[in-house]
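Data first, discussion second: the structure below is written as structure tokens.
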Amino acid sequence: NILILSQLSDKKGLMAQRKRDNPRKQLPRDSDDRYRAFVENNSEGIWCVEFDRKLYIDVPEDEQFELAYKYGYIAEANDAYARSVGYEQGEDLVGIRIEEFMPRSEPTNIATVKNFIRERYNVTNAETVESFREGIKRFFLNNSTAIIEDGCVVRIWGTQTDITAQKVLEEKLRKAELMYRTVADFTYDWEYWADFDGKLLYVSPSCERISGYDVQEFIANPSLLREIIMPEDKDIWDEHARKSRQKLKKRELQFRIQRR
């Protein structure tokens, strides 16, 4: 999508002008109609950023960063992007400054913009945290590329996917895991989590009181748990592990271990 837009932009010149500068400027009708149909009917959010002054790519990274934030604004956006951030039409976003909707107070935005500059203004799946109406945060993955002429960034085209629902779910899972870990860390019993390959994802500190081995020893050597099982009980442990991999369900097992 970005490459097509870039080619159109290079061939026909400036596609997006701020309305206050030249509201009547148009491309030749056939080319303009094809371009409009592509942008407006695309289900992905599509945007174009331009700058009030020249943004040279041969100046230091930090200076490019400051210039981008100070002089960058949305020059064009489709309705899909507008709807994802609480507006009805893409034209409602025209003129909004980068600083207004993608604040530097979000570390993710700083890292993304600086990496974009470092990669010569061409990135894929770059995350941004954006806030338009009522300060509501939304999370996006962006594919972006710049049109560079005579050593200056003329405009940046991008497409984006809204990943807000995914990020909210990840945060809920993170909080749930933190809460469980807090409980597990202080439980008297020995708790552990393992994936289907037998890798230990979590081991509670009680392991040291019970086995004589600390958490890091079990994490570093996932087979340690089986190694300390009494030889007479290894078969029932192996059978338990095999059935657990086949079907997840509550199971009980009694076995003996050799303490350090």
Could you check I148 against Y56 for side chain to side chain contact (heavy atoms under 4.5 Å, CB included), going step by step and ending with a plain yes or no? CA-CA 9 Å; I148 299 174; Y56 291 98; over 6 Å; no
Candidate pair Q64 and Y121, rule side chain to side chain donor-acceptor pair (under 3.5 Å), full reasoning: CA-CA 11 Å; Q64 292 181 62; Y121 294 92; 2.6 Å; yes
Go through I96 and Y73 one step at a time and tell me if the side chain to side chain contact (heavy atoms under 4.5 Å, CB included) criterion holds. CA-CA 5 Å; I96 297 179; Y73 62 89; over 6 Å; no
Please determine whether salt bridge (Lys or Arg N to Asp or Glu O under 4.0 Å) holds for the pair R242 and E239, giving the CA-CA distance in whole Å, both sets of side-chain angles, and the decisive distance to 0.1 Å. CA-CA 5 Å; R242 183 185 65 80; E239 179 66 9; 2.5 Å; yes
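The two residues P103 and N109 have their closest heavy-atom pair at O-ND2, 3.0 Å. Taking each heavy atom of P222 and G198 in turn, the nearest pair found is CB-O, 3.6 Å. A82 and G90 make their closest contact through CB-N, 3.6 Å (heavy atoms, listed as atom of the first residue, atom of the second, distance). Residue A146 comes nearest to V153 through the heavy atom pair CB-CG1, 4.0 Å, listed as atom of the first residue, atom of the second, then distance. In plain terms, the two heavy atoms of S211 and I228 that are nearest each other are CB-CD1, 4.0 Å.
Residues C207 and V215 have side chains in contact (heavy-atom distance under 4.5 Å, counting atoms from C-beta outward). Using a 4.5 Å cut-off on side-chain heavy atoms (C-beta onward), E171 and K175 make contact. Taking 4.5 Å as the limit, some side-chain heavy atom of I74 sits within range of a side-chain heavy atom of F101. Here the side chains of E127 and K167 are in contact, with some heavy-atom distance below 4.5 Å. With contacts defined as side-chain heavy-atom distances shorter than 4.5 Å, the pair E44/Q160 does not qualify. Side-chain contact between I147 and W157 is present, with heavy atoms from C-beta onward closer than 4.5 Å. Within the 4.5 Å cutoff, side-chain heavy atoms of F65 are placed close to those of I110. Looking at heavy atoms from C-beta onward, I156 lies in side-chain contact with F51 at the 4.5 angstrom threshold.
A salt bridge is absent between E177 and R174: the closest approach of a Lys/Arg side-chain nitrogen to an acidic carboxylate oxygen does not fall below 4.0 angstrom. Classification of D150 and K54 as a salt-bridged pair fails, no side-chain N sitting under 4.0 Å from a carboxylate O. Ion pairing between K137 and E130 fails under the 4.0 Å rule for side-chain N and carboxylate O.
For the atom pair NZ (K114) and CD (E119), the distance works out to 15.0 Å, reported to the nearest 0.5 Å. Note that the CD atom of E66 and the CG atom of L55 stand 11.5 Å from one another [nearest 0.5 Å]. The OG atom of S223 lies 14.0 Å from the NZ atom of K199; values are rounded to the nearest 0.5 Å. Here the OH-CG distance, from Y192 to L201, works out to 11.5 Å after rounding to the nearest 0.5 Å. Atom CG of residue N122 and atom CZ of residue F116 lie 7.0 Å apart, to the nearest 0.5 angstrom. With rounding to the nearest 0.5 Å, the separation of CG in L224 from OH in Y213 is 6.0 Å.
W193 and L225 fall into different hydrophobic clusters, where Ile, Leu, Val, Met, Phe, Trp and Tyr residues are linked whenever their side-chain heavy atoms come under 4.5 Å apart, directly or through other members. The same ILVMFWY cluster, assembled from side-chain heavy atoms under 4.5 Å apart, contains both I57 and V49. I236 and M230 end up in different hydrophobic clusters when Ile, Leu, Val, Met, Phe, Trp and Tyr side chains are linked at under 4.5 Å. In terms of hydrophobic clustering, with Ile, Leu, Val, Met, Phe, Trp and Tyr side chains grouped at heavy-atom distances under 4.5 Å, I219 and Y202 are assigned to different clusters.
Remark: side-chain polar atoms of D79 are not paired, donor with acceptor, to backbone N or O of Q89 under 3.5 angstrom. Side-chain atoms of N78 come within 3.5 Å of backbone N or O of I46 as a donor-acceptor pair. A side-chain donor-acceptor contact under 3.5 Å links K234 to the backbone of R226. At least one donor-acceptor pair closer than 3.5 Å links the side chain of R259 to the backbone N or O of I210. Judged by distance alone, with hydrogens and angles left aside, the side-chain atoms of R138 form no donor-acceptor pair with the main-chain N or O of D162 at under 3.5 Å.
A perpendicular orientation is assigned to the rings of Y87 and F132, their planes being inclined by more than 60° (bins at 30° and 60°).
Residues T108 and E106 bring no donor and acceptor atom of their side chains to less than 3.5 Å of each other. Checked by atom type, the side-chain pair N142/S144 shows no donor-acceptor distance below 3.5 Å. Under the 3.5 Å distance criterion, with hydrogens and angles disregarded, no donor-acceptor pair is assigned to the side chains of N143 and T124.
Other residues, nucleotides and ligands contribute more than 12 heavy atoms inside 6.0 Å of the CZ atom of R118. Counting non-hydrogen atoms of other residues, nucleotides and ligands closer than 6.0 Å to CD of E88 gives a total of 12 or fewer.
If you chain together ILVMFWY residues whose side-chain heavy atoms come under 4.5 Å of each other, L141 ends up grouped with V129, F139, I163.
Checked against the 6.0 Å centroid threshold, F218 and W190 count as a close aromatic pair.
Relative to the ring axis of Y69, R104 places its NZ or CZ within 45° and under 6.0 Å from the centre.
Contacts classified as ring pair (Phe, Tyr, Trp, His ring centres under 6.0 Å) and involving residues 241-260 (residues at least two apart or in different chains) are given here: W237-F255. For residues 204-222, the salt bridge (charged side-chain N to carboxylate O under 4.0 Å, His left out) pairs, not counting sequence neighbours, are E217-R260.
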